[in-house]
Amino acid sequence: MKTVVRRLSGHLARGLAMIWVVTTLSFVIIRNIPGDPVRGQYEKLIEQGMSPDAAERATAALYGFLPKGSLWSQYVDYLNGLLHGNLGQSLSTPGTGVATIIGSAAKWTILPVLGGTLLSFLLGVTLGVYAAIKRSGKLGDALAISGSLLHGIPQYVIGLLVVAVFSTLWPILPAGGPVDIDFAPGFNGPYIASLIQHATLPVLTYALASYGGWILAMKSSVATVLGDDFIMAAELRGMSRGILFRYIARNAILPLFTILALSLGLLFGGAIFIESIFNYPGLGLLLVNSIGARDYALMGGTFLVLTVAIVVANIAADLLYAVIDPRVRKGAEA
Amino acid sequence: MTRTSAPGVRVKDLTVVYKTPAGELPALGGVSLSLAPGTITGIVGESGSGKSTLALSLLNAVQPPGRIKEGSVEIDGLGNVVELTGEELRRARGRQVGYVFQAAQNSLNPLKTVGKQLLDLGRSHDFDDLPALLKDARALLGRMGLDGGRVLDSYQHELSGGMRQRVGIMFALVLNAHLVVLDEPTTALDMITQAAILKIVRDVHHERGLTTLIITHDMGVAAEVTDSLAVMYGGRVVEHGPTTEVLGSPRHPYTKGLIRAIPRLSGDIDEARALPGRPPTLGTIPKQGCVFRERCPMRIAVCDTVDPEPVTRDARTVACHAVGRPATPIVPKEYV
Ligand SMILES: Nc1ncnc2c1ncn2[C@@H]1O[C@H](COP(=O)(O)OP(=O)(O)OP(=O)(O)O)[C@@H](O)[C@H]1O
Ligand code: SF4
Ligand SMILES: [Mg+2]
């Protein structure tokens, strides 16, 4: 238990450091962008006839920190605001808090990414075991080759291919937006069916983008475990095939949990391209749009939330690892 | 289905090859060796002489890139194991033949406790009374100086090298197999523990009436526990006979050299002389003639061209042209 806590606190410390770096970076960017948007906003409001006090408050609401005072005190104000969940106001959608916008976009990213990861993990791991055991068979070869091919294709290219195949060449699935606007939102059949239809291609893209990696990783992991002494020992003791298979699978899957975190991070990053392709209103598209609109507060907030998502994915993957591996769970050096 | 008496084992003309970049090379070049029922046989020989390969052959478990090319391994009650496959072979392993393999320190699944793996073993061999199996395991571990209950609750990484070896021995004995093969079972142990473990192996051997094969680097261990002793060199059994006789009056030049190299057995440290030269590897084992001739002080002309056949006289088998024969060139046909 002690090791788990130690590992966890390590991850937490690193995650917080990463989040801090990202927030500081976005503060520095917003504050130092040519033309200084904060200052600009403040002056614009004054020009529009606002009193300096009112203009100051309005700007603070917009960016989450006050435009006056030393850079340092502005920074402290900004961090303080973040700690209280205040991400500022959106510039491109006046009157709406950044937190609210991000909150409604987050589900469009998190659910498809998790769904795609789960799908590709299960598929890739199963097929990877098969590819490792049937190394010399035709199907095994084909699987390994398909794995390497897919692994090498960038995510956005996979996204474009998926669109080309499933909504242009062979139009069976929608490739734009999260849902048909014809249906009334709510818990009703047509609406949910439309949701699922629209989610299929993005999820498929996420799955395809990471599935090749899983096959390759699982295949090499199984090959390593097959060469381990304890597998031979189990064979020499006449362990049944089912038990042997479980020994192999469980030991081979273990190192993949470290890649799981990496893969989730990659997919969250890939959301930027994939959501743009599918015009899917998640965090990635939000980030792209906020950059286009020079909505710095929204940009910083989205970036921050994506970072938090990656950190949380890391920690979750590590916890899973610890649950499965007694060497970590029970805290030994070996 | 389990035998209640010690099985005899007859290895005949066994050739095992490993695939290497230079083609398939023999690690065992037509080995014949019999284990008499109820005896403890030891195999000694330098590293690479083929001891483990021979031991694995008893379970038809030579690992790729190796394979049994020729020969047979007859075990009473099992038949020729070289011809066993699939479930039949799996069931023989563990249940009929207990095996402690050389890397016994890594013989456990790191993700499961010893006890859980023992239950897996019991289920694999259709044991109904699993609690009794656990009890037997605890008793065996207890005899080897371990806290059985604690060990069964432990993961591999919680056990020391010596403890893991003893767990390996427990796994080989717990199913009550009547043929037990131990490949260097005590290498990770200190002298005192080693002696204690070997005593237990011998006690269990007598109590249960087993046939036991022990592979060791250590002539002292061989002298201590074995009834008969086989000496291997370059994939051949060069001498085999009752342990006291082989050690007391070695006939093969290699056996003589081995014994002279050990102060404890030769009696005097000053007299202990290391064997000159190095043992051959797969690639350097001579393809014809005697495999030992490069290092042999008694080498004669025929040794360069003719591989000496094993010849048995007074319960001793020796493969050497210079033993019990005139040291003159010999027509090979006489000995075929
Ligand atoms: N997997 C393998 N591939 C190629 N050659 C092998 C393989 N396993 C064993 N050999 C070779 O076969 C020969 C016999 O090996 P073996 O392990 O049986 O020797 P050993 O007498 O048990 O040695 P040691 O005392 O070191 O355990 C050696 O020359 C070894 O290099
Ligand atoms: S056969 Fe010849 S070389 Fe080989 S051990 Fe005997 S004397 Fe020496
Ligand atoms: Mg060996």
Side-chain angles (χ1 to χ4, degrees), chain A residues 1-4 6-7 125 129 132-137 140 218 221-258 319-334, chain B residues 52 55-56 58-64 86-113 116-126 153-161 164 167-168 170-175 177 181 183:
Chain A
M1 206 52 216
K2 239 166 54 202
T3 348
V4 176
R6 203 171 56 223
R7 279 174 73 113
V125 161
V129 172
I133 291 173
K134 304 265 162 178
R135 216 169 332 184
S136 44
M218 192 61 185
S221 187
V222 169
T224 308
V225 172
L226 283 177
D228 278 353
D229 287 338
F230 79 89
I231 293 297
M232 180 168 160
E235 269 178 39
L236 291 182
R237 292 181 188 135
M239 291 283 194
S240 72
R241 293 182 72 156
I243 288 171
L244 213 55
F245 183 81
R246 261 177 287 153
Y247 281 17
I248 295 168
R250 214 169 136 210
N251 276 278
I253 252 183
L254 205 56
L256 267 68
F257 282 97
T258 48
L319 275 180
L320 264 175
Y321 189 93
V323 166
I324 298 188
D325 192 339
R327 285 163 293 195
V328 179
R329 190 168 69 231
K330 288 203 149 186
E333 306 77 60
Chain B
S52 296
L56 286 169
L58 297 191
L59 275 178
N60 192 0
V62 175
Q63 299 294 301
E87 274 294 278
E88 226 181 340
L89 181 59
R90 176 183 79 72
R91 290 186 173 280
R93 293 175 178 173
R95 187 68 195 260
Q96 315 280 334
V97 188
Y99 199 102
V100 177
F101 92 130
Q102 194 163 357
Q105 305 189 54
N106 299 313
S107 77
L108 296 168
N109 180 349
L111 303 183
K112 279 194 150 188
T113 61
K116 290 234 174 78
Q117 294 180 61
L118 185 62
L119 294 177
D120 285 342
L121 184 70
R123 290 192 194 102
S124 293
H125 292 285
D126 301 327
D153 280 336
S154 300
Y155 292 93
Q156 168 168 280
H157 69 269
E158 295 169 319
L159 305 172
S160 70
R164 292 177 196 181
V167 169
M170 177 277 283
F171 269 103
L173 296 176
V174 75
L175 291 186
V181 179
D183 192 350

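Order of the sequence lines sets the chain letters (A, B, ...), proteins ahead of strands, with each chain counted from 1.
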Using modelled atom types only, decide if a donor and an acceptor are shared between the side chain of Ser124(B) and the backbone of Ser240(A) within a distance under 3.5 Å.
yes
Value rounded to 0.5 Å, distance of CG in Asp325(A) from OH in Tyr155(B):
9.5 Å
With a 4.5 angstrom heavy-atom cut-off, is it the side chain or the backbone of Ile243(A) that approaches chain B, or both, or neither?
side chain
Distance-minimising heavy-atom pair for Phe101(B) and Asp229(A):
CZ-O, 3.3 Å
For Pro326(A) and Pro110(B), work out which heavy atoms get closest and say how close.
CG-O, 3.4 Å
Working to the nearest 0.5 Å, report the span between CZ of Phe230(A) and CD of Gln117(B).
8.0 Å
Kindly give the heavy-atom pair with the smallest separation between Met239(A) and Arg90(B), and that separation in Å.
O-CD, 3.2 Å
Interface moiety of Gln63(B) toward chain A, non-hydrogen atoms closer than 4.5 Å:
side chain
Does some side-chain heavy atom of Leu56(B) sit less than 4.5 Å from a side-chain heavy atom of Met232(A)?
yes
Let me know if Leu244(A) has heavy atoms under 4.5 Å from chain B in its side chain, its backbone, both or neither.
neither
Toward chain A, the part of Leu59(B) with a non-hydrogen atom under 4.5 Å
side chain
If a pair satisfies side chain to side chain donor-acceptor pair (under 3.5 Å) and one of its residues is in residues 98-109 of chain B, list it, with sequence neighbours excluded.
Arg237(A)-Ser107(B), Asn251(A)-Asn109(B), Ser52(B)-Gln102(B)
Please list, chain by chain and in numerical order, all residues satisfying salt bridge (charged side-chain N to carboxylate O under 4.0 Å, His left out) with Asp228(A), sequence neighbours excluded.
none
